[in-house]
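Take a look at the structure set out below.
Below, chain A is the first sequence line, B the second, and so on; all start at residue 1. Only a predicted model underlies this, so the values are computations on that prediction, with no experimental measurement involved.
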Amino acid sequence: MGQITSAIQLIPIEHYMILCLTLFSIGVMGVLFRRNAIVILMCIELMLNSVNLLLAAFSAYHADAGGQIFVFFIMVVAAAEVAVGLSILVMMKRNNNSVDINLLSRLKG
Amino acid sequence: MAALISIAVFGIALLYIELTNSKKIQLPLAVVGLLVTLGLTVMQWNHPSSSFNNMAVTDNYSVAFNASILLSTMFVVLLSAYYYEDVKQHVAEIMALMLFTVFGAFLITSFSNMIMLFLGIETLSIPLYVLAGSKKFSLRSNEASFKYFLMGAFASAILLLGITLVYGASATFQLSAISDYVNNTKQLPGIFYMGIILILVGFSFKVAAAPFHFWTPDVYEGSPTLITAFMATVVKIAGFAAFYRLFSSAFSSIATFWEPLLWGMIILTLLISNFAALLQKGVKRLLAYSSISHAGFLLLGIIALNKLSAGGIFYYTLAYSLATIPAFGVLILVKNHRNSDDSIDAFNGLAKKNPLLAIVMSVALLSMAGIPITAGFFAKYYIFVAAIDSGYILLTIFAVLAAVLGVFYYFRLLNAMFLKEGEAEKIKIPVVFGISLLITTILTLAMGVFPDYIIKLL
């Protein structure tokens, strides 16, 4: 890992942070403003993956493997989460015939 | 560790029992599983140990919270016998998912590493998304499930970014190492502070504290009532156990930074939840707002951050669960007999024909309102004492006023039950259901009369 670590460290960590935080913000904006449930799911994935990238960058920067181990855990959990999310979506589509989240307004008060 | 394995094994066993589709063994197996796990948990009392390469520690703090999580789950599972009486399929799966949720809750009460915290929160949340949508053909349940999933995943991502930024500054996930890092660094980098803010936001999403509470009323209302009772109790207990564990161990030395944020959140939570609860017509939504207001009181224990807080939070979460479960239990019965009408008017004249139900509900409501001889009074008392001890006098006065406001909407329900006339009919209480209601009520009163035994545990 030593060689790769030193290669990554050539680029200042700030650049990684700016990239990842930008990706994360795009994801947040997507969740807040898009109306299609599938696009929202994609945006949540984008948020999680930008965190993965940042973790890998920090991990290489600190020369500590812990961060990269965490990335694996996040991938596993994200897969489980999306599996459940998509099945909820299928259930919604069956009952509602649409995945537009504007239809989700029965609960109010 | 043994408790973790036991709850997972019983959960998987329940999934297989579903194949036989025999209701006679599902409920007993779930109860036996919870009891065995409770035994294994209690055996760890005063025997601290660590597992998974020191990523999780079992100490008295986690044992106490785990035991109260198991107790709450057991009372909810006992209610399920009646609630799922007419449901032919998937009942064992629902119980299995509850046990998996408890598994996640165990991880976050005993984590000592951020990886464990994240895994625990996800193991806690993912089964709950499914449970919230377990009424597959109800559009409201669909909606609740999707909203919960969306908000949960969003909050997890924010929490994760927070953890990552803290890792970026301190190069470790271990709580003790983060604490050392904070103590030994003169000038903490900006990303560390940003990380703490994001972790705080993520947690307040999970425990439903304002301004990140907006999903709660919808999700609580749309989910099946039994699942709402489960969510309101287990998630709250585990969430606050984890919240306090994280902020009292890793971030306690920079409390001056995050305490003002928490201060604002408490004021906002108490204000919004209590005023919104006053306007509610549906009992389920009222209980949802009341649960948000309890989150506000519990945050008071975290902001206090002294030797009284752990005991105070434990007592409060236990008292709150023991009041919430019978309240939802009575709501299930009343709702079933009034064609799923869950407005306050459905409770009109309940006391005349069903004095037992009315008494159970009143004890639960009085406990939530914090009236003496119920557990709720001492719960609020200990939290307030802890906060005053740390010098938050103004905040405590505000919280007391909020508690007084809370009495109003709880008494609206009491008023409907005892003073108003209504076309009440005799509601038959199923045996197992009644046992659960009775034990929780007795425990609420016992905790109110002998509070010392519980508070001295931690």
Side-chain angles (χ1 to χ4, degrees), chain A residues 13 16-17 20-21 24 27-28 31-32 37 40-41 43-59 61-64 66-67 69-74 76-78 80-89 91-96 99 101 103-109, chain B residues 113-116 118-119 121-123 125-130 132-133 136-154 156-165 167-174 191 194 217-222 276 279-282 285 288-289:
Chain A
I13 190 73
Y16 287 104
M17 276 164 58
C20 295
L21 291 181
F24 192 87
V28 171
V31 172
L32 294 180
I40 291 176
L41 272 184
C43 290
I44 286 175
E45 280 298 288
L46 186 62
M47 288 165 75
L48 290 176
N49 281 326
S50 72
V51 171
N52 279 347
L53 193 58
L54 190 59
L55 265 175
F58 277 139
S59 163
Y61 185 75
H62 290 306
D64 171 56
I69 305 289
F70 201 171
V71 170
F72 282 113
F73 281 110
I74 296 176
V76 171
V77 166
E81 209 167 48
V82 164
V84 168
L86 282 175
S87 45
I88 294 172
L89 215 69
M91 191 171 74
M92 244 170 69
K93 167 88 180 161
R94 259 190 208 153
N95 293 335
N96 255 342
V99 288
I101 60 162
L103 290 173
L104 300 180
S105 52
R106 278 180 195 82
L107 304 168
K108 265 196 202 128
Chain B
N113 189 304
M114 295 288 206
I115 298 182
M116 241 356 138
F118 173 68
L119 283 179
I121 284 190
E122 289 302 315
T123 325
S125 305
I126 292 176
L128 276 173
Y129 305 147
V130 183
K136 270 191 282 185
F137 297 105
S138 150
L139 291 173
R140 295 157 72 84
S141 178
N142 286 182
E143 181 178 338
S145 169
F146 191 71
K147 275 187 179 163
Y148 195 30
F149 166 74
L150 208 63
M151 284 302 126
F154 191 61
S156 304
I158 289 175
L159 181 78
L160 211 50
L161 185 65
I163 293 175
T164 307
L165 290 178
Y167 171 72
S170 63
T172 175
F173 291 119
Q174 202 72 25
I191 53 169
M194 205 174 137
D218 288 358
V219 171
Y220 279 24
E221 193 193 348
L279 304 172
Q280 297 309 316
K281 292 199 180 62
R285 257 190 125 75
Y289 278 106

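Residue contact with chain B, scored on non-hydrogen atoms closer than 4.5 Å, involves the backbone and the side chain of A:L54 alike. For A:L55, the parts lying under 4.5 angstrom from a heavy atom of chain B are both the backbone and the side chain. Interface remark: A:V28 contributes backbone and side-chain atoms alike to the contact with chain B (heavy atom separation under 4.5 Å). A:V31 touches chain B through its side chain: at least one heavy atom from C-beta onward sits under 4.5 Å away, while N, CA, C and O do not. In this structure, chain B has no heavy atom under 4.5 Å from any part of A:A57. If you measure heavy-atom distances from A:L21 to chain B, the contacts under 4.5 Å come from the side chain alone.
Pairing each heavy atom of B:I191 with each of B:A169, the nearest pair is CD1-N, 3.9 Å. Closest heavy-atom contact between A:G67 and A:S59: CA-CB, 3.8 Å. Annotation for A:E81 and B:F149: closest pair O-CE1, 3.3 Å, computed over non-hydrogen atoms.
Top candidate by heavy-atom pairs under 4.5 Å with chain A, chosen from B:N142, B:I158, B:L279, B:V219, is B:N142. For the options A:S87, A:G85, A:S50, heavy-atom pairs under 4.5 Å to chain B are most numerous at A:G85. Ranking A:V84, A:V77, A:L48 against chain B, the residue ahead of the rest is A:V77, based on heavy-atom pairs under 4.5 Å.
B:L159 contributes atom CG, which lies 8.0 Å from atom CZ of B:F118 (distance to the nearest 0.5 angstrom).
Using bins of under 30°, 30° to 60° and over 60° for the plane-to-plane angle, the ring pair A:F58/B:Y167 lands in the perpendicular bin.
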